[in-house]
Structure formats: structure tokens, C-alpha cells
Amino acid sequence: MGDVRRAAGAGLDKATTVGREKAESLDKEALSAAGRGAVATARQADDWVLNQLRAVRPPALPLTEAWKLSIGGIVAAHPKAPRLTGRLLAPLDRLGAIAIGPDEIGFDGDTVEWGRVTEVRTRPLTDLAVGAVWDFAIDDLRTRLPPVPGRKWAVTKILQVLLAMTVDLEKQIEAAEEDDAPRLVACEIVHRGRIQRNKQSTTGLFSALALCALPQVGETLAAAAGERGVPVVAAEPYEHVSANERVLRMRRQREVLAAQAHELENAADEDD
């Protein structure tokens with residue numbers, strides 16, 4: 001369990017370092033504009049991101065068919081998405097997807113057969129503000145997407161999705177401070193490896209944020225595990241920090257995304 005804490009802390013430190021490097025590469029005026037732009041971009045994206053998420057139907061129990069939610073699917077459904085965007089974004093499943101079906105489940109392209117699952121672990125919603133899910137960089141998007149027309153548009157929209165969802169999570173964390181019982185999110189899958197050693201699949205940034213925005217999806221995952229006799233247990237907390245500190249960390253992480261979005265918007269078109 002100590003390894004989990006160290007991994008989470010390392011992920012947070014790395015994300016913070018990336019954010020600091022990005023911030024230092026901008027002058028003060030540009031950084032201020034990036035911060036303002038983050039909020040404006042998130043609000044602009046709310047209309048299509050959060051409304052689309054809230055219209056998502058969770059997988060129905062008992063599970064009879066495969067169900068998937070992905071960041072590529074969200075962006076491809078945008079009314080102004082260029083042609084063939086869905087095919088272009090297919091490689092992004094490994095950066096943001098939730099799969100739940102009668103035969104297997106998984107996060108971010110890492111699926112596992114139900115028969116190999118030994119535990120499903122939950123975390124309080126507030127834990128996701130300080131965990132290793134923030135180990136995310138725009139360079140991951142660029143390396144996974146081919147340099148074709150529409151790539152810059154798609155990456156910009158992906159950042160809008162993430163910014164809008166972080167704003168939504170921040171609001172939920174602030175509201176959670178007043179709740180007696182924290183809302184738990186099923187966000188880790190422990191399973192047997194090919195040589196019998198236990199392995200763990202954990203949500204990335206998009207899939208974690210989606211599970212926070214769509215609690216019914218995580219509830220279905222936990223219920224499906226229960227039906228199959230798979231224990232649903234609480235994961236060991238990353239660390240104990242106040243709600244205010246969690247919100248501050250959320251805002252710092254959003255500045256990382258804002259700085260990345262600022263650089264992308266001001267970069268020369270490389271593929272459009």
C-alpha cells in the first residue's frame with residue numbers, strides 16, 4: 001500500500017513540475033490570460049460537454065452487451081467535428097475510456113476478463129483531486145494522433161472537455177465538504193496477471209473525471225462486480241488533506257491544462 005501512496009505522490013509531483021515548467025515558459029501577462037481563458041473555455045465547453053455526459057445512458061444490469069465511453073467519442077460527437085474525426089481519435093482510447101461489459105471491464109484501453117478480476121476498489125470523490133490521475137500531458141495527444149487535417153481542432157476540443165470536467169469536479173468537491181458520508185467512486189480494478197501475480201488497472205484523467213460526473217456508471221460497475229462475487233472494497237487513501245487544499249490543487253492542475261491550451265491556440269498550424 002505504501003507503493004500506492006508513493007506512486008500517487010510521484011504522479012502529483014510530476015504533474016506539478018510539468019505545470020511549473022509550462023507556466024515559466026510564459027510571461028506573466030500570457031499566464032494571466034491562460035488562467036482567464038481556462039475558466040472561459042470551460043464555461044464555453046459546458047454546453048456541449050457536460051450536457052452530453054449527463055445524457056449518457058449507463059450500462060444496464062444485468063450486463064448483456066459491451067458499453068464504452070471515451071474521450072474520443074465525446075469529441076467526435078461535437079456538431080462541428082470534421083469528417084472522419086471518430087476514426088482519427090480512436091487511438092485515444094488508451095488515454096481516456098471506460099469499458100463495461102458482460103465479458104470484460106477496464107479503463108483506458110486496458111481491459112480484463114471478469115474471471116480474472118479479484119477486487120474492485122473505490123475512492124472518495126475528493127481523493128481524485130490529489131491522485132496520480134493528473135499525470136497527463138498534451139504531448140501524449142500529439143504523439144498518438146497522426147499529423148492530418150483536424151488534429152489541432154481535436155486536441156483543442158479534448159482540452160476543453162478536460163477543463164470543463166475539472167470545473168465540475170471542483171464544484172462537487174466543495175459541495176462534498178458538507179456531506180456526512182463521502183461519495184465513493186469505483187476507479188481501480190485488481191486482477192490476476194498471466195502468471196498469477198496481481199495487477200492493477202487505474203483510471204486516467206478523463207475516465208476518473210467521467211466517473212465523478214456520471215456516478216451511475218461507477219455504481220453499475222460496482223453492482224456488476226457484486227453480482228459476480230467480486231469484492232468491492234475501499235482503497236487505501238492517498239493522503240489526508242483538507243477540502244480547501246484539494247480545491248487549491250485542482251486549480252493548480254487546471255492551470256497546467258490552461259497553459260497547454262494557451263500554447264496550442266497560439267502555435268502555428270502544423271496540420272490544418
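In this text, all values refer to a predicted model and were calculated from it rather than measured experimentally.
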*Counterpart residues, side-chain hydrogen bond (donor to acceptor under 3.5 Å, both in side chains), relative to Glu227 (two or more places apart)*: none
*asked:* Donor-acceptor check, side chain of Arg123 to backbone of Glu236, threshold 3.5 angstrom: yes or no?
replied: yes
*asked:* Tell me whether Arg121 contacts the main-chain N or O of Val233 through its side chain, where contact means a donor paired with an acceptor under 3.5 Å.
replied: no
*Dump the intermediate steps for side chain to side chain contact (heavy atoms under 4.5 Å, CB included) on Met165 and Leu53, then the final yes or no.*
CA-CA 10 Å; Met165 294 173 78; Leu53 282 173; 3.8 Å; yes
Do [X] and [Y] touch side chain to side chain, with heavy atoms closer than 4.5 Å?
X	Y	result
Thr122	Cys187	no
Glu188	Thr203	no
Leu125	Leu169	yes
Ile100	Ile98	yes
Ile189	Phe107	yes
Trp153	His78	yes

Give me the atom names and distance for the closest heavy-atom approach of [X] to [Y].
X	Y	answer
Pro58	Thr220	CB-OG1, 4.2 Å
Gln216	Val56	NE2-O, 4.1 Å
Leu89	Ala154	CD2-CB, 3.7 Å
His191	Ser201	NE2-OG, 3.5 Å

*asked:* For Ala225, give me all partners under side chain to side chain contact (heavy atoms under 4.5 Å, CB included), at least two apart in sequence or on another chain.
replied: Trp114, Val120, Val230, Val232
Spacing of [X] atom [atom1] and [Y] atom [atom2] [to the nearest 0.5 Å]:
X	Y	atom1	atom2	answer
Asn198	Arg116	CG	CZ	10.5 Å
Leu63	Leu221	CG	CG	8.5 Å
Arg228	Ile105	CZ	CD1	8.5 Å

*For residues 207-217, pull every pair meeting salt bridge (charged side-chain N to carboxylate O under 4.0 Å, His left out), keeping only residues two or more places apart or in separate chains.*
none
_Glu113: salt bridge (Lys or Arg N to Asp or Glu O under 4.0 Å) partners, not counting sequence neighbours_ = none
In a table with atom names and distances, give each donor-acceptor pair under 3.5 Å that connects a side chain of residues 206-215 to protein atoms at least two apart or in another chain.
{"residue": "Ser207", "atom": "OG", "partner": "Asp108", "partner atom": "OD1", "Å": "3.2"}
{"residue": "Ser207", "atom": "OG", "partner": "Gly204", "partner atom": "N", "Å": "2.9"}
{"residue": "Ser207", "atom": "OG", "partner": "Gly204", "partner atom": "O", "Å": "3.3"}

Donor-acceptor pairs are to be reported for all side-chain atoms of residues 66-77 against protein atoms at under 3.5 Å, with residues two or more places apart or in another chain.
{"residue": "Trp67", "atom": "NE1", "partner": "Arg57", "partner atom": "O", "Å": "2.8"}
{"residue": "Lys68", "atom": "NZ", "partner": "Asp93", "partner atom": "OD2", "Å": "2.5"}
{"residue": "Ser70", "atom": "OG", "partner": "Gly73", "partner atom": "N", "Å": "2.9"}

